[in-house]
Enquirer: 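Quick one: the structure is below, questions incoming.
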Number of protein chains: 2
Amino acid sequence: MDRINRTSKLPLYYQLYEILRGDILDGKWQPGDMLPPESELVEQYQLSRTTVRQVLDMLVNESLITRQRGRGTFVAHPTLEQGLVRIISFTQDMRHRGLKPGTVILFSELIPAPKDIAQALGIEPGEQLARLDRLRLAEGEPLSIEESHLVHRYCPGVLEGDYVSTSLREALERDHGIRIVRAKQVIRAISAPANLARLLSIPPKAPLLYIERVSSSQHNVSIEFLRIYYRADRYSLYSELQG
Amino acid sequence: MDRINRTSKLPLYYQLYEILRGDILDGKWQPGDMLPPESELVEQYQLSRTTVRQVLDMLVNESLITRQRGRGTFVAHPTLEQGLVRIISFTQDMRHRGLKPGTVILFSELIPAPKDIAQALGIEPGEQLARLDRLRLAEGEPLSIEESHLVHRYCPGVLEGDYVSTSLREALERDHGIRIVRAKQVIRAISAPANLARLLSIPPKAPLLYIERVSSSQHNVSIEFLRIYYRADRYSLYSELQG
DNA sequence: TAGTGGTCTAGACCACAAA
DNA sequence: TTGTGGTCTAGACCACTAA
């Protein structure tokens, strides 16, 4: 049972936000389901209505829920347009798309930062990085390869975790108090190099959707440089634009 | 002097929102300028701090202002890198990237709507579409191909325009009163088919960034189905994510 | 009528930035 | 130390929906 930790440094609203957001993304409530009324959340989590409403406002802004005066609060129907605005975990992404996620660790070691990555992260070349390469599966079939590079100084020992069954983001928060709150990314199309093609079970030079992402913590420092190679035949991105 | 009308049916927060938003968009405050502190807005408009903060939250969500604890509230600098949030024209995009734009018309005719496009636009298959294919150049070199399909009923005669030197969006607004205010898009990576490769001056099967976009007007009807093929070696997308 | 979300208030204490 | 925004509370009244 998720509860609010009154002694935590995290704001109460943020804790409730993570609880409710997690429940929705994990499918504990289904689209169209009614959430508990505000009064009940107030009671259950012992928070003021203002704080509860602050959280619900955030979820509305993310299009995760909708509210109807006089009726209630409901889980929104997924529009699959969130891939380009919100950071979501691979597991959550797969669940959104209705696919069973899987993970294979390819590489997990400390390395000195190459020049380009050091520059992207704003650190000195040669500083220690925790590099974690993972093959991601959907329905047992290769979908993508993620090459994560974490600034080791901020999360010493991070590679000791088991990242087949637990999420890197959870470990960062739990063990190091680091929340990833922002990221910048570039999206490209590339031809698959031979080694990646083999891992992804596709022909060499097949098209890949390629993402380079620099993520920052709540302290506003860059914490991770991530490369993702998606099989183009199995993955696409959605977004909504405004005029 | 804009004031809050206490007898209006409009909520107080909404009235203040319109006042502040108008002042920012009208340039009464310039990007980087500090807004009056919350305490002063409370005083000036005789509202509670909660209500004032509700309005500021809305403006933050629109990226019109930013807030810094201990420093103040500031008018945001318009961000250029919104390729995945804001609809911008090819010409604007090129200007942002510092490249000279160019256009070659490849095809311009009325066609009956194929089934897939009809479905995406929510019209009957066979309904008349104005199809306009354009090769886009940057610095005189091919960059992308755009295949535009407009629902002709909403903009009869649209193909008579000269879309080398004028923008399709301008013509829609000027001649048909149609503003494109919203769009949904899917982003993929593909291998270039032979005919596109030739037009884009790249080898067959070279990777392309492929976008399918359905745009809607201010009247909330789908008006355009657009396919864009970008040379992957010359074009990438940028986006910012939030946790 | 009962229950829901929408609006609004007055106040408190905290964390951070700048002087 | 002062002034800023960040978080949180307890309570009030209203508007809408559904029974």
Enquirer: Return no unless some side-chain N or O of B:T73 is found under 4.0 Å from OP1 or OP2 of D:dT4.
Expert: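 For B:T73, the contact criterion (side-chain N or O under 4.0 Å from OP1 or OP2 of D:dT4) is not met.
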Enquirer: Check whether any side-chain heavy atom of A:R134 sits under 4.5 Å from a side-chain heavy atom of A:L168, and report yes or no.
Expert: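 Touching, per the 4.5 Å side-chain cut-off.
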Enquirer: For the pair made of CG in B:L41 and P in D:dT4, what is the distance, rounded to whole Å?
Expert: 11 Å
Enquirer: Hey, which of these two, A:T51 or B:P37, hits DNA chain D nearer its 5' end, going by closest nucleotide?
Expert: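 Nearest-nucleotide comparison on DNA chain D picks B:P37.
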Enquirer: Got a donor-acceptor contact below 3.5 angstrom from the B:H149 side chain to the B:L129 backbone?
Expert: no
Enquirer: Set out, in order, the CA-CA distance, both residues' side-chain angles and the distance that settles salt bridge (charged side-chain N to carboxylate O under 4.0 Å, His left out) for A:R53 and B:D57, then state yes or no.
Expert: CA-CA 13 Å; A:R53 283 182 58 80; B:D57 283 340; over 6 Å; no
Enquirer: Once you round it to whole Å, what is the distance between P of D:dG6 and NZ of A:K9?
Expert: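 It is 20 Å, rounded to the nearest whole Å.
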Enquirer: What is the per-nucleotide protein-contact pattern of nucleotides 13-19 of chain D, from the 5' end, where B denotes a base atom under 4.0 Å from a protein heavy atom, S denotes such proximity for sugar-phosphate atoms only, and - denotes neither?
Expert: --BBBS-
Enquirer: Rounded to whole Å, how long is the line connecting atom CZ of A:R6 with atom C1' of D:dT9?
Expert: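 Atom-to-atom, A:R6 to D:dT9, this comes out as 10 Å.
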Enquirer: Between SG of B:C155 and NE2 of B:H176, what distance do you get to the nearest 0.5 Å?
Expert: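 With rounding to 0.5 Å, SG (B:C155) is 5.5 Å from NE2 (B:H176).
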Enquirer: Using atom CD of A:Q15 as one end and atom C1' of D:dT7 as the other, report the distance to the nearest whole Å.
Expert: 12 Å
Enquirer: If I take atom CZ in residue A:R67 and atom P in nucleotide C:dT7, what distance separates them, rounded to the nearest angstrom?
Expert: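 Roughly 9 Å, once rounded to whole Å.
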Enquirer: Side-chain donor-acceptor pair under 3.5 Å between A:T103 and A:R136, yes or no?
Expert: yes
Enquirer: Are B:T73 and B:E38 linked by a side-chain donor-acceptor pair shorter than 3.5 Å?
Expert: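 No - no donor-acceptor pair under 3.5 Å links their side chains.
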Enquirer: Over all strands shown, is B:L12 touching base, sugar-phosphate only, or nothing at heavy-atom distances under 4.0 angstrom?
Expert: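 Sugar-phosphate, no base atom in range.
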Enquirer: From the set C:dA10, D:dT4, D:dA10, return the single nucleotide nearest to any side-chain atom of B:T50.
Expert: C:dA10
Enquirer: Nearest 0.5 Å, what's the OG-CZ distance between B:S239 and A:R213?
Expert: 8.0 Å
Enquirer: To the nearest Å, how far apart are B:E38 CD and D:dT7 C1'?
Expert: 11 Å
Enquirer: Which listed nucleotide (D:dG5, C:dT7, D:dT9) is nearest to the side chain of B:R53?
Expert: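 The nucleotide sitting nearest to the side chain is D:dG5.
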Enquirer: A:L35 CG to C:dT4 C1': how many Å, rounded?
Expert: 13 Å
Enquirer: Rounded to whole angstrom units, what separation is found between the CG atom of A:L10 and the C1' atom of C:dC14?
Expert: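 Going from CG in A:L10 over to C1' in C:dC14 covers 15 Å.
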